[in-house]
Amino acid sequence: MNVTFYLNQNGRARHVCDAVVAGCRRHGVEVRVRSVTEYRRPEADVALFYGLWPPLKQLRQDYAAAGRKAVLIDLGYWGRIEGGKLAGFHRFSVNGLHATAYFQRVKHGPERFQRFGVELKPFSHRGEHILLCGMSEKAAWVYGLAPEQWERQAVEKLRLHMRVQRPIHYRPKQSWKHATHIPGTTWAPSESPIQRALENCWAVVTHHGNSALDALGHGVPVFTTAGLASVLASADVAAIDAPRYPSEEQRNQLLYDAAWTQWKMSEIAAGEAWQYLLDEKLIEP
């Protein structure tokens, strides 16, 4: 098997690359490390890379179009922080921005999810406000959108279709410092824990992101168009008065399965992430 890890221009995430190289060696697989500036066309059987800076976005599309495997690595859904840094869990997505297409092919037990200490709450079918969770400028670019374009359009549609007038709380992504007020919303500070914003919440509206999984775990229905939570969410905010309420069994199973798409550095270096990709037949040995 021919495997290449492409580093972005500034060599960011070298620690992730080193862990991947070590983990693959445990399976007898040598990984070639290259700068994405050297990329011209798909050459390896499997390409791994961190994040989606412009050349990496093109690389992912090229590999998928060529029928090869492109494995996107990014920050995980839970347990991101380790040692005070974003060096904790990282998620793996094969031939997609998210693992949505395959992460529930195998049903997993609760043990891996339970290590994150997330308190699961029942769906209340109540709530006074709608929580609009925004995305960063880079995330918007990945989906071909201008910053806050999707969020502003969502607010317009919500206002048009809400029969029960509920306040909309706009919570920008914490890492994006250029968020602005959206007319028709009130500001929900992203510095405070999202669990506080989810209290007494009717529904969460977001394009994609961790907030959707947080909402499901908190017993709040979700409107989203991408990501793992979309499996149990509504896509059209025009239906805001009638959210989709999955069963708690469905919700719990989704979270259990989601926990198996993310790995911490020691697990990656030990070959556990690579073993998962093999076991679930996402890559061929």
Exercise. Quick one: are Ile73 and Val20 in side-chain contact, heavy atoms under 4.5 Å?
Worked result: yes

For this session: Tell me whether the centres of the aromatic rings in His98 and Phe103 are closer together than 6.0 Å.
Result: no

Exercise. Under the salt bridge (charged side-chain N to carboxylate O under 4.0 Å, His left out) criterion, do Glu248 and Lys121 qualify, and how do the steps go?
Worked result: CA-CA 9 Å; Glu248 290 182 27; Lys121 296 188 175 183; over 6 Å; no

Exercise. Would Asp241 and Arg166 pass as an ion pair if we require N to O under 4.0 Å?
Worked result: yes

Exercise. Crowded around Glu249 CD? As in, over 12 foreign heavy atoms under 6.0 Å?
Worked result: no

Exercise. Quick one: does NZ or CZ of Arg91 land under 6.0 Å from the six-membered ring centre of Trp263, within 45 degrees of the ring axis?
Worked result: no

For this session: Assess the pair His90 and Tyr50: is the distance between their ring centroids shorter than 6.0 Å?
Result: yes

Problem set entry | Centroid-centroid distance, Phe89 to Tyr77, less than 6.0 Å | no

Exercise. Tyr256 vs Phe113 aromatic rings, parallel, tilted or perpendicular, using cut-offs 30° and 60°?
Worked result: tilted

Problem set entry | Pi-cation contact, Trp176 with Lys138 (under 6.0 Å, within 45°) | no

Exercise. Aromatic ring centroids of Tyr6 and Tyr39 under 6.0 Å?
Worked result: yes

For this session: Examine the side chains of Arg171 and Thr206 and answer whether a donor and an acceptor come within less than 3.5 Å of each other.
Result: no

Exercise. Any Lys/Arg nitrogen of Glu38 or Arg32 sitting under 4.0 Å from an Asp/Glu carboxylate oxygen of the other?
Worked result: no

Problem set entry | Carboxylate-amine/guanidinium contact Lys157 Asp236, below 4.0 Å | yes

Exercise. Between Arg25 and Glu30, is there a side-chain N and carboxylate O pair less than 4.0 Å apart?
Worked result: yes

Problem set entry | Mutual orientation of the aromatic rings belonging to His169 and His129 [parallel < 30°, tilted 30-60°, perpendicular > 60°] | parallel

For this session: State whether a side-chain donor-acceptor pair under 3.5 Å links Glu148 with Tyr170.
Result: yes

Exercise. Counting heavy atoms not belonging to Glu128, are there more than 12 under 6.0 Å from its CD?
Worked result: no

For this session: May I have the step-by-step check of side-chain hydrogen bond (donor to acceptor under 3.5 Å, both in side chains) for His218 and Glu199, ending in yes or no?
Result: CA-CA 8 Å; His218 203 81; Glu199 290 298 328; 3.1 Å; yes

For this session: Verify whether one side chain among Asp279 and Gln275 offers a donor that lies under 3.5 Å from an acceptor in the other.
Result: yes

